[in-house]
Amino acid sequence: MSAKVNAALPLEYQTEQNRMNILGFWVFLGAEIVLFATLFGVYGVLGERYAGGPTQKDIFIVRDVMIQTFLLLTSSFTMGISIFEMRRSNRKGMLMWLIFTLLLGGGFLFMEIREFMHYVHEGATMQTSAFLSSFFVLLGTHGLHVTIGIGWAILLIIQILKRGLTTVTARKAFIFGLYWHFLDVVWIFIFTFVYLQGLVM
Amino acid sequence: MGIKWDEFFVTGDPLIFASQIGIALTMVGALAGITYFKKWNYLWTEWFTTVDHKKIGIMYILLGVVMFLRGGIDGLMMKGQTAVPENDFLNAQHYNEVFTTHGVIMILFVAMPLLIGLMNFVIPLQIGARDVAFPQLNALSFWLTVSGAALFNISFIIGGSPDAGWTSYFPLAGKEFSPGIGNNFYAVALQIAGAGTLMTGINFVVTVLKMRTKGMTLMKMPMFTWTSFITSIIIVASFPIFTVALALMTFDRTFGTHFFTISGGGMDMLWANLFWLWGHPEVYIVVLPAFGMLSDIISTFARKTLYGYKSMVISIVMISVLSMLVWVHHFFTMGNSAGVNSFFSITTMAIAIPTGVKVFNWLFTMRKGRIKFTTAMLWALAFVPNFVIGGVTGVMLAMAAADYQYHNTLFLVAHFHYVLIPGVVFPIFAGLYFWWPKMFGYMLNEKIGKWHFWLFVVGFNVTFMPMFFLGLDGAVRRAYTYSAETGFGPLMMISAVGSVILAAGFAALVYNIYWSARNADRNIGNDPWDARTLEWATATPVQHYNFASLPEVTKLDAFWHMKKTDELQPLTEDEIEEIHLPSNTWIPIYMGVVFGISGFLLVFEWTIAAGIAALGIFAGLAFRSFDYDEGFHVHKDEIFETESKWRKGANKGVKNHVS
């Protein structure tokens, strides 16, 4: 709306519209929390309904899950540094860390797709049992979010290269950062309630 | 996979065949008409690409009225079928389809668009803002709603309608018992429209929190803004649940997963829980803004500040919390433990407390008021006794033990129609009569309005009152026919006659819109009702930038106090500044189209084609990301000219048609 700029604030908070966009994104994340909470609820209800198919212990591979977790958690950290560099008006550093984030996210996605293919190969598909239906849809929803995030980050990098750090690009980067950290938080829950709990049960 | 080409169009039913021809002719006629009168450019630049909250609101209302016609015809067909015993006007399958689409359309494509339309039009004006927080997102919400509505509506001529009820309970709604694609339409169309609604919720939460004009604290907001704000929060909290439920339904039906089917370890009750975890709050999503409208209308026409403003706010917050805690009362009879049923029985009854507070507040607002019996006020007055019948029967149903008697009978049907029609439809009508002059610059005719009112209210009672007694006598709902020995015939006939009167009432509204558009007085000033809130402080119809200078608020009912202290008019020439507004954009309507196309392909289970079409969605998002249009500025001269024009009129004393 109004173009009034408050230069005392960080770049992404300087205009009124920016502050609204950031608040709006927080509200959106609230909706995302409900969405994932529902999926976790569904997994909680169906997670032990194997219908004669494989159980968590039969299929999970601890080593791969650890690598995925490591990749995604690190990517959240590099995302944080990227925004830190943005606040210091260091465009180059910001982009570099953003690209690291992207690569780590890509690595996570690669591992996840490999994991899914492995399960399907073993005969554990979405159609096998209610447990696997809820498992694939919960993990798949998270994976889809990561995929969209990667596409989003690429668009963001192009815009920052083209336009430099403005109030608009800074706001977009900041919001992307919120999104990426959110995915990380969701993964921590997946790691705990799907993988760890599945393995100790 | 999927459907054969020869099953593409629904064939064999004369009623549907007639509709197919009718729809084809209407479409050809509309396209030819627009081309002949060279209106494409006007429609595209003024409406299809608009981001103005007022125009988006009006388009929502138009959608709601058109869908009301569709849902109403469904209702009439049901009443026609059950008017006499052993009727064969509709067969069982057709009846199932008709009650399913009636329910879905009335809730999601009539109540929601009409309410969101009025919210869109009124809220930014009531809080003294220039627009909503995210105007483009607002347009996207609208076009996704249209896309979902269109997809849902074509089901009965292409592919077949959903037939498992608006609740679409599993296992009935699963592939095994509903092998056609009708229920795919349900899952996909509601998914698209639901995404639009969620974004509306987010938009209004931020709009109300961030865009209020100077001095308007939360406790100085008009009641309609308050209730819409709470509704928006409930939308954000509950629609994602529906999103998940519908997605899982799509997975079960299209990709063979086992969420809700017993085979493979799924659980049908999981669907019932997820559906009502969204579905019950949905009841309050539609009823709360309607309550807000009533509050504003009653205080306007009783010419008093709303009684118990604070308790009203506390009540709606309580209702919003309780709304999330009662969903199990929709399936008391489906084998919960006594403890679970008791808990949900008590939370359900507890909702009667804040609701009762609100009803008494409205009554006390009217007490000692100098009431003006306008059509809008009549709807608000009729609301009270009719809604109380709905509420009291609701408490009857809330008793879990007694519910074993009422459940799945017409008693239940009568109850929720007594809640939703007086609680949502009456206030919407009141709101339309009340805000119509703000939207279009003329009033709806009061005389035809009274015809509309009496026909509708009488018809409503004649239709639904007999259903309480039919239900207590054991007439089950969703049954397409009954035998003469049951003795239901006479009451069923009365109910059918009532529905015709009800329909005549709706026809009177349509005629009123037509008549008033042609004949009504255009010289009504900016404040024809002598109203109390800020939307009336600006021109009628509202200029595209809403307020030349944003008003400042010191009290509740800000505009009323401005009029009393004569602080309304001053706006000196040097106070006028350029106003920044967002530009039109084609992306929202484009997104509506690509969502519609990929949804359509997904309905038919042509998943690869749907995937390819979905690339269009991502293309749209990418376009939007690179769009750095910064909007435009309204020039000072234009503002000066517009403002001096309506302000002169306002001074000439054309105001207060109801003095």
Side-chain angles (χ1 to χ4, degrees), chain A residues 1-4 16-17 19-42 45-53 125-138 140-141 147-148 151-152 154-156 158-159 162-163 166 168-169 172, chain B residues 129-135 137 198-199 201-207 209-211 232-233 235-245 247-248 251-252 255-267 269-270 273-274 277-278 579-582 618 621-622 624-626 628 630-631 633:
Chain A
M1 294 263 96
S2 93
K4 274 174 239 146
E16 222 177 306
Q17 185 66 49
R19 292 195 287 277
M20 287 201 291
N21 280 30
I22 290 167
L23 176 66
F25 197 79
W26 276 108
V27 180
F28 171 74
L29 286 184
E32 288 274 73
I33 288 171
V34 178
L35 185 116
F36 276 103
T38 311
L39 286 170
F40 275 107
V42 169
V45 170
L46 302 178
E48 286 174 51
R49 295 176 160 248
Y50 305 116
T125 68
M126 207 159 63
Q127 289 83 8
T128 307
S129 67
F131 151 58
L132 286 165
S133 298
S134 57
F135 171 81
F136 275 108
V137 169
L138 171 59
T141 307
T147 314
I148 290 171
W152 185 353
I154 292 169
L155 297 178
L156 193 62
I158 298 170
Q159 286 172 54
K162 254 172 69 177
R163 292 169 184 274
T166 65
V168 177
T169 51
K172 287 186 176 187
Chain B
R130 294 236 157 84
D131 208 324
V132 293
F134 313 117
L137 190 72
L198 177 61
M199 285 184 261
I202 295 171
N203 211 338
F204 277 96
V205 169
V206 180
T207 303
L209 284 178
K210 286 279 188 180
M211 307 261 304
S232 305
I233 292 173
I235 287 176
V236 174
S238 69
F239 262 77
I241 304 172
F242 197 39
T243 302
V244 170
L248 302 186
F251 271 95
D252 263 12
F255 303 114
T257 54
H258 303 285
F259 288 102
F260 309 126
T261 41
I262 310 294
S263 67
M267 261 176 101
M269 283 311 291
L270 182 61
N273 278 286
L274 291 179
L277 255 170
W278 160 80
I579 293 170
H580 177 246
L581 289 176
F618 291 103
L621 290 172
R624 172 70 188 89
S625 178
F626 285 107
Y628 275 74
E630 308 215 320
H633 286 89

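Convention: sequence-line order gives letters A, B, ...; per-chain numbering from 1.
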> Does atom OH of Tyr628(B) have more than 12 heavy-atom neighbours from other groups under 6.0 Å away?
Replying inline: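 More than 12 within 6.0 Å, yes.
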
Heavy-atom proximity to chain A below 4.5 Å, by part of [X]:
| X | answer |
| --- | --- |
| Val236(B) | both |
| Ile241(B) | both |
| Ile235(B) | neither |
| Leu274(B) | side chain |
| Phe260(B) | neither |
| Ile579(B) | neither |
| Leu198(B) | side chain |

> Are any non-hydrogen side-chain atoms of Phe251(B) and Ser133(A) less than 4.5 angstrom apart?
Replying inline: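 Phe251(B) vs Ser133(A): side chains apart.
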
> Do the side chains of Thr257(B) and Phe136(A) get nearer than 4.5 Å, heavy atoms only?
Replying inline: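 Side-chain contact under 4.5 Å: no.
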
[atom1] of [X] to [atom2] of [Y]: how many Å apart, nearest 0.5 Å?
| X | Y | atom1 | atom2 | answer |
| --- | --- | --- | --- | --- |
| Gln17(A) | Lys210(B) | CD | NZ | 11.0 Å |
| Leu132(A) | His258(B) | CG | NE2 | 9.5 Å |
| Phe259(B) | Leu46(A) | CZ | CG | 7.0 Å |
| Ile158(A) | Ser625(B) | CD1 | OG | 8.5 Å |

>> Please enumerate all residues that pass ring-ring contact (aromatic ring centres under 6.0 Å, His included) together with Phe131(A), with sequence neighbours excluded.
In response: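 Partners of Phe131(A) under the ring-ring contact (aromatic ring centres under 6.0 Å, His included) test: Tyr50(A).
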
> When only pairs under 4.5 Å are counted, which of Met126(A), Glu48(A), Arg163(A), Lys162(A) shares the most heavy-atom pairs with chain B?
Replying inline: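 Looking at each option in turn, the highest pair count goes to Arg163(A).
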
> What heavy-atom pair brings Met20(A) and Val206(B) nearest, and what distance separates the two atoms?
Replying inline: O-CG1, 3.8 Å

>> Testing the basics here: between Gly266(B) and Ala130(A), what is the closest heavy-atom pair and its distance to 0.1 Å?
In response: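 Distance-wise, the nearest heavy atoms are N-CB, 3.7 Å.
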
> Is it the side chain or the backbone of Thr141(A) that comes within 4.5 Å of chain B heavy atoms, both, or neither?
Replying inline: neither

Identify all side-chain donor-acceptor contacts of residues 22-39 of chain A below 3.5 Å with residues at least two apart in sequence or on another chain.
unit_1, atom_1, unit_2, atom_2, d
Glu32(A), OE1, His145(A), NE2, 3.4
Glu32(A), OE2, His145(A), NE2, 2.6
Thr38(A), OG1, Val34(A), O, 2.7

